[in-house]
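Below is one structure, written out as structure tokens, with a few remarks after it.
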Amino acid sequence: MTTILVTGGTGTLGRLVTERLSADGHDVRVLSRHAQPYAVDLREGGSTLDAAVAGADTIVHCATPRGGDEEAAAHLVAAARRAGVGHLICISIVGVDRVPFGYYKTKLTVERLIAESGLGWTVLRTTQFHDLLVRLFDTLARPPVMLLPAGLKVQPIEVAEVAARLAELAAGGPAGRAEDMGGPEVRTVESLARSYLRATGRRRAIVNVPMWGQTYRAFRGGGHLAPRQAVGKGTFEEHLTVHIGGVRRA
């Protein structure tokens, strides 16, 4: 039986990874800021982190601290080295090396810390989760007019599918850069927003707002998309049906 530590194991992705690994018969430890016995803020490290890592064969790093991602990864890598962990897996985002967005730059730095750690490592990049878009649209739909970035496309993926892939990678050996995972469809943000409005029964005028800057150009150019790795199965409308209610595709 393999002992696997999941950081961020109570979060949207980490919880599903934990459930999948446990169902597969692994001995799973959950690390988060509030989950006992391994309640750890990775940005601070400490003896509890060392205790969580000790004896682990594999670490699946799903934690995404609000600020301090690089410090968190550095503490985790150091603890994994001390414990002699054989495999460190990290979730990342498609386009972190192509889109000059601040958060993406941080994720790319985390990737490099792990790749240069001297540990066996795997990095999986995926496109945005359906859940992220729903949270975004929840915010954008609050005013009577829904403002959207003009000309932007996304390729959302179901988080459970990503969790299944991470569990599969955790059961194997270090793979370096795993093949990217993209959702089943490249869609305009407007088309997804309209599906969201139908599912939630909201009526909102939609205005597509032109934007500018290097980051926006990179997004409009599709730097965050993976159309050749459209391996996801669940569509955004299917996600809405499960989590919100029925929706019809226009």
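Keep in mind that this is a model prediction, so the values were computed, not measured.
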Practice task
Verify side chain to side chain contact (heavy atoms under 4.5 Å, CB included) between Leu197 and Ile206, making sure each step is shown before the conclusion.
Solution key: CA-CA 10 Å; Leu197 291 173; Ile206 289 179; 4.0 Å; yes
Exercise for the section: Evaluate side chain to side chain contact (heavy atoms under 4.5 Å, CB included) for Asp131 paired with Arg135, printing each intermediate quantity in order. Expected result: CA-CA 6 Å; Asp131 307 71; Arg135 291 197 299 271; 3.8 Å; yes
Problem - From CA spacing to verdict: side chain to side chain contact (heavy atoms under 4.5 Å, CB included), Val134, His239 - result: CA-CA 10 Å; Val134 171; His239 178 86; 4.0 Å; yes
Practice task
Give the C-alpha distance, both sets of side-chain angles, the deciding distance and a yes or no for side chain to side chain contact (heavy atoms under 4.5 Å, CB included) between Ile244 and Thr200.
Solution key: CA-CA 7 Å; Ile244 296 179; Thr200 57; 4.0 Å; yes
Practice task
Please report the C-alpha distance between His75 and Glu44 in whole Å, then the side-chain angles of each, then the deciding distance to 0.1 Å, and finally whether the side chain to side chain donor-acceptor pair (under 3.5 Å) criterion is met.
Solution key: CA-CA 8 Å; His75 287 143; Glu44 299 174 2; over 6 Å; no
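Residues Leu132 and Tyr196 are members of separate hydrophobic clusters, defined by side-chain heavy-atom contacts under 4.5 angstrom among Ile, Leu, Val, Met, Phe, Trp and Tyr. Both Leu42 and Leu119 belong to a common hydrophobic cluster when Ile, Leu, Val, Met, Phe, Trp and Tyr are linked at side-chain heavy-atom distances under 4.5 angstrom. Put simply, Leu192 and Leu140 are part of the same group of oily side chains (I, L, V, M, F, W, Y) that touch within less than 4.5 Å, one to the next. Under the 4.5 Å side-chain heavy-atom criterion for Ile, Leu, Val, Met, Phe, Trp and Tyr, Val94 and Leu108 are members of distinct hydrophobic clusters. Under a hydrophobic clustering in which Ile, Leu, Val, Met, Phe, Trp and Tyr are joined whenever their side-chain heavy atoms come within less than 4.5 Å, directly or via other members, Leu152 and Val96 fall into the same cluster.
Of all heavy-atom pairs spanning Ala167 and Arg20, the tightest one is CB-CG, 3.5 Å. The minimum heavy-atom distance linking Gly86 with Pro174 is given by the pair O-CG, 3.9 Å. Nearest heavy atoms, Val40 versus Gly45: CG1-O, 4.2 Å. Here the closest non-hydrogen pair linking Thr18 and Gly9 is OG1-O, 3.7 Å. Nearest heavy atoms, Gln214 versus Pro100: CG-CG, 3.7 Å. Here the closest non-hydrogen pair linking Pro184 and Pro156 is CD-O, 3.6 Å.
With Asp24 contributing its side chain and His26 its backbone, the two residues share no donor-acceptor pair below 3.5 Å. Ser191 places no side-chain N or O within 3.5 Å of a backbone atom of Arg187 that could act as its donor or acceptor partner. In this structure a side-chain-to-backbone donor-acceptor pair under 3.5 Å is present from Arg81 to Ser117. With hydrogens and angles disregarded, a donor-acceptor distance shorter than 3.5 Å links the side chain of Thr127 to the backbone of Gly183. No donor-acceptor pair closer than 3.5 Å links the side chain of His224 to the backbone N or O of Gln155. With hydrogens and angles disregarded, a donor-acceptor distance shorter than 3.5 Å links the side chain of Thr7 to the backbone of Cys62. Listed for the Asp57 side chain is a donor-acceptor partner under 3.5 Å among the backbone atoms of Thr3. Gln229 contributes no side-chain N or O that, together with a main-chain N or O of Glu179, makes up a donor-acceptor pair within less than 3.5 Å. Checking side-chain atoms of Arg98 against main-chain N and O of Gly223 turns up a donor-acceptor pair under 3.5 Å.
For the pair Glu111 and Lys107, the salt-bridge criterion is not met [side-chain N within less than 4.0 Å of a carboxylate O]. The pair Glu238-Lys233 does not count as a salt bridge, with every side-chain nitrogen at least 4.0 angstrom from each carboxylate oxygen. Salt bridge Glu190/Arg194: present, at least one basic N to carboxylate O contact under 4.0 Å. Between Arg125 and Asp97 a salt bridge is recorded (basic side-chain N to carboxylate O distance below 4.0 Å).
Side-chain contact check for Leu148 versus Val209: every heavy-atom pair is 4.5 Å or farther apart. Taking the side chain as every heavy atom from C-beta outward, Arg112 and Ile114 never approach each other to under 4.5 Å. Residues Leu5 and Thr58 have side chains not in contact (no heavy-atom distance under 4.5 Å, counting atoms from C-beta outward). Side-chain contact check for Asn208 versus Pro149: every heavy-atom pair is 4.5 Å or farther apart. Within the 4.5 Å cutoff, the side chain of Val154 has heavy atoms near those of the Leu133 side chain. In this structure, Phe236 and Glu185 have side chains that are not in contact, with every pair of non-hydrogen atoms separated by 4.5 Å or more. With a 4.5 Å cut-off on side-chain heavy atoms, Leu147 and Val145 count as touching. At a threshold of 4.5 Å between non-hydrogen side-chain atoms, the residues Tyr103 and Asp69 count as touching.
Of the inter-residue distances, the one linking Thr106 atom OG1 with Phe101 atom CZ reads 9.5 Å to the nearest 0.5 angstrom. Here the CH2-CZ distance, from Trp212 to Arg217, works out to 12.5 Å after rounding to the nearest 0.5 Å. To the nearest 0.5 Å, the span separating NE2 on His130 from CD on Glu237 amounts to 8.5 Å. Rounding to the nearest 0.5 angstrom, the gap separating the CZ atom in Arg202 from the CZ atom in Arg142 is 8.5 Å. Taken to the nearest 0.5 Å, the NE2 atom of His61 stands 10.0 Å off from the CG atom of Leu31.
The aromatic rings of Tyr104 and Phe219 sit perpendicular, their planes meeting at an angle over 60°, well past the 30° parallel limit.
Within 6.0 Å of atom CZ in Arg33, 12 or fewer heavy atoms from other residues, nucleotides or ligands are found, so the atom counts as exposed in its surroundings. Other residues, nucleotides and ligands place more than 12 heavy atoms under 6.0 Å from the CD atom of Gln36.
One side chain, Arg198 or Ser195, offers a donor N or O that lies under 3.5 Å from an acceptor on the other.
Other members of the cluster containing Ile157 are Ile4, Val6, Leu13, Leu16, Val17, Leu21, Val28, Val60, Ile89, Ile91, Leu124, Phe129, Val159, Val162, Leu166, Leu169, Met181, Val231, with ILVMFWY side chains joined at under 4.5 Å, either directly or via other members.
When each of Val77, Val123, Leu113, Thr122 is checked for a side-chain contact (heavy atoms from CB on, under 4.5 Å) with Leu88, only Val77 meets the rule.
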